[in-house]
Amino acid sequence: MKGLISVILIIVSWQAASMLGWLNPYLLPPPSKVLYAFSDEAAGGMLFVHLAASLKRVLSGLSLAFIAAVPLGVLAASSAAIRAYLLPVLEMLRPIPPIAWIPLAILWFGIKGSGASAFITFIAAFFPLFLHTFSGVRHIEEIHLNAARTLGAGRKMLLLDVALPSALPFIVTGLRVSLGFAWMSVIAAELMAATSGLGYMIEMNRSMMNIPNVMCGMITIGATGYIMNDAILRLERRFSWKPERQEE
Amino acid sequence: MKPIFTAEAVHKSFNDPKNGVSLRALGGLSLEIRQGEFVSIIGPSGSGKTTLLYLLAGFLRPDSGKLLYRGEEVRGPSPERTVIFQEYGLFPWKTAAGNVEFPLKARCMPAAARRAEALKYISMVHLDGFADKYPHQLSGGMKQRVGIARALACDPKVVLMDEPFAALDNITRELLQEEILRLWSGLGKTFVLVTHHLEEAIFMSRRIILMSSRPGRVKEVVDIDLPEPRTADIKTHPRFVELKSRLTRSLREEVEKSIAAGIEPELVKDKGVIRVSR
């Protein structure tokens with residue numbers, strides 16, 4: 001609620017500053033112009049087409065990352081040998097920013113369709129998920145392991161009833177971080193390696209100097225990111241077995 | 001009677017990573033634990049009581065010597081020799097019933113039967129109505145009741161208890177002591193209790209194994225020949241008082257040796273059960 005007040009306050013003062021002539025409308029168009037661009041993009045339906053294209057890429061990249069990163073994280077955490085082989089390779093790949101993969105992605109997947117941007121999203125989402133799963137499983141308390149073993153748990157129960165639930169709060173946090181990274185990267189990838197999506201929409205309008213439409217795309221990215229983050233925070237609360245800390 | 005555990009000249013050391021010194025926890029310990037008895041292991045801090053219990057549980061292996069369970073070497077943990085932990089060790093992501101169902105699931109009881117069986121054990125420890133609460137919603141005493149129910153659900157031959165009441169207030173502690181005794185006399189299982197609380201050990205056990213200061217060895221084994229059944233008023237029985245003062249003296253000797261060796265005496269911290277003069 002208080003957040004909404006600050007948003008309204010910013011918009012009102014921004015509009016006022018524009019009307020008073022303090023802002024160059026060419027460099028920073030007033031909210032009214034941006035709003036007009038919104039209705040324009042929305043009426044033609046193109047805004048939703050681009051939004052859907054970006055979302056689809058993020059979701060496919062994120063799901064692939066989840067399928068790859070969670071099992072790898074569990075494996076690396078539970079076997080010293082796998083850890084020794086895997087970690088150095090991953091730690092070398094991790095510092096490469098997802099957008100530095102764009103040239104290769106274009107080469108491999110082409111600029112048409114979703115392949116290249118989905119791949120970039122996969123790269124961005126993989127590492128936070130892997131690292132959170134890994135440290136989640138590594139942080140199992142000794143007493144829980146001992147308890148499980150003295151209660152007769154075999155390998156399957158150690159994994160499914162102890163390691164994974166114990167790591168679940170970490171994994172959901174990893175998912176949230178990954179989603180944020182993936183969302184940022186998909187836009188960056190679409191600026192260069194796509195013919196649809198919000199990133200492409202921004203780039204296209206920039207080339208035509210339609211700054212209100214550029215900002216319309218930016219605001220859509222921000223708002224969508226906010227909604228996704230909020231949804232996953234709810235998920236985090238739902239799946240955390242840790243008692244919620246009382247707020248003061 | 002046939003011993004359920006036999007230890008012969010068991011040695012166990014730990015490496016202290018801080019200064020590379022190896023710490024001798026047990027130095028040639030030998031003992032026998034009889035089938036179906038209630039026995040306590042008592043000793044000063046650092047006498048290796050918990051190390052011994054973890055060896056019996058199979059969490060640790062001896063460096064040398066022999067440790068037999070029913071005639072066979074202990075090779076790892078088993079639900080036949082289950083453990084009740086001081087810090088409960090409940091899985092916080094499972095409800096009380098889910099925790100009690102864990103060992104049932106481990107021995108492949110079908111999901112449909114598990115719940116009813118778990119509720120039986122929960123009822124045994126008087127937690128009816130709390131089956132669907134998570135550990136963080138329960139008090140310390142209730143958590144330990146879940147811990148007891150979960151251990152019993154293993155249908156173990158031996159119940160190993162590592163200071164199970166240490167984190168509880170006095171009233172809860174006494175209630176649980178009586179509860180455990182009631183369960184023990186009804187079940188015919190072997191109970192091994194590690195404690196540094198002398199009165200608790202005398203009240204609950206039929207035998208007490210008193211350990212020496214580090215490196216731990218058996219100093220003496222005392223039969224507790226008190227009238228049955230044990231009720232709270234036995235603590236004023238002349239024989240109880242006599243045993244207590246005799247064991248206090250013996251234990252104090254070991255605590256004083258520990259202090260001389262620079263090992264922190266936990267008995268001093270424990271609300272004056274035994275006072276050690278420097």
Side-chain angles (χ1 to χ4, degrees), chain A residues 70 73-74 77-80 129 132-176 232-248, chain B residues 50 53-54 56-60 74-95 98-109 111 114 118 121 133-138 143 146-147 149-162 167:
Chain A
V70 173
V74 173
S78 39
S79 151
L129 260 171
H132 278 83
T133 307
F134 176 74
S135 62
V137 177
R138 292 286 283 169
H139 275 92
I140 297 180
E141 288 180 43
E142 182 85 23
I143 192 171
H144 292 145
L145 277 182
N146 277 342
R149 287 160 63 209
T150 193
L151 295 169
R155 286 192 78 87
K156 191 179 152 208
M157 270 188 89
L158 275 178
L159 178 68
L160 296 180
D161 285 86
V162 184
L164 276 180
S166 168
L168 193 62
F170 287 80
I171 296 175
V172 179
T173 304
L175 198 63
R176 188 158 65 88
I232 224 158
L233 272 175
R234 282 165 206 272
L235 200 71
E236 227 172 319
R237 252 170 266 147
R238 165 78 184 71
F239 279 104
S240 179
W241 43 262
K242 293 189 182 188
E244 198 133 346
R245 193 172 294 153
Q246 294 291 313
E247 287 204 29
E248 309 221 349
Chain B
T50 296
L53 196 86
Y54 276 28
L56 298 179
F59 297 147
L60 301 171
V74 175
R75 290 184 191 285
S78 151
E80 274 191 27
R81 294 170 267 115
T82 201
V83 179
I84 296 174
F85 297 90
Q86 179 181 348
E87 303 294 340
Y88 324 122
L90 299 181
F91 304 120
W93 52 85
K94 287 183 183 285
T95 59
N99 270 280
V100 179
E101 279 183 45
F102 190 95
L104 303 173
K105 191 172 175 187
R107 62 166 191 265
C108 302
M109 181 180 285
R114 281 205 302 261
Y121 288 104
K133 297 275 187 237
Y134 284 87
H136 71 86
Q137 297 170 304
L138 301 175
K143 280 184 209 164
V146 177
R150 188 176 70 170
L152 294 179
C154 291
D155 193 19
K157 298 223 165 27
V158 185
V159 179
L160 303 165
M161 293 177 286
D162 182 19

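Order of the sequence lines fixes the chain letters, A, B, ..., with proteins taken first and strands second; residue numbering starts at 1 for each chain.
- Of the atoms belonging to B/Y134, not a single heavy atom falls under 4.5 Å from chain A.
- Interface check for chain B: of the options A/K156, A/E142, A/M157, A/R149, the most heavy-atom pairs under 4.5 Å are formed by A/M157.
- Between B/F91 and A/L151 the shortest side-chain heavy-atom distance falls below 4.5 Å.
- Inter-residue side-chain proximity for B/R81 and A/T150 is flagged as unmet; no heavy-atom pair is nearer than 4.5 Å.
- In this structure, A/D161 and B/K94 have side chains that are in contact, with non-hydrogen atoms separated by less than 4.5 Å.
- For chain A, no part of B/I84 is nearby; none of its heavy atoms comes within less than 4.5 Å.
- No donor-acceptor distance shorter than 3.5 angstrom exists from the side chain of B/W93 to the backbone of A/V162, with no hydrogens or angles considered.
- Heavy atoms of B/T82 lying under 4.5 Å from chain A belong to its backbone as well as its side chain.
- Among B/G89, B/C154, B/P92, B/P103, the residue with the largest count of heavy-atom pairs under 4.5 Å with chain A is B/P92.
- Here the side chains of B/V83 and A/N146 are not in contact, with every heavy-atom distance at 4.5 Å or above.
- Both the backbone and the side chain of B/E87 come within contact range of chain A, with heavy atoms under 4.5 Å apart.
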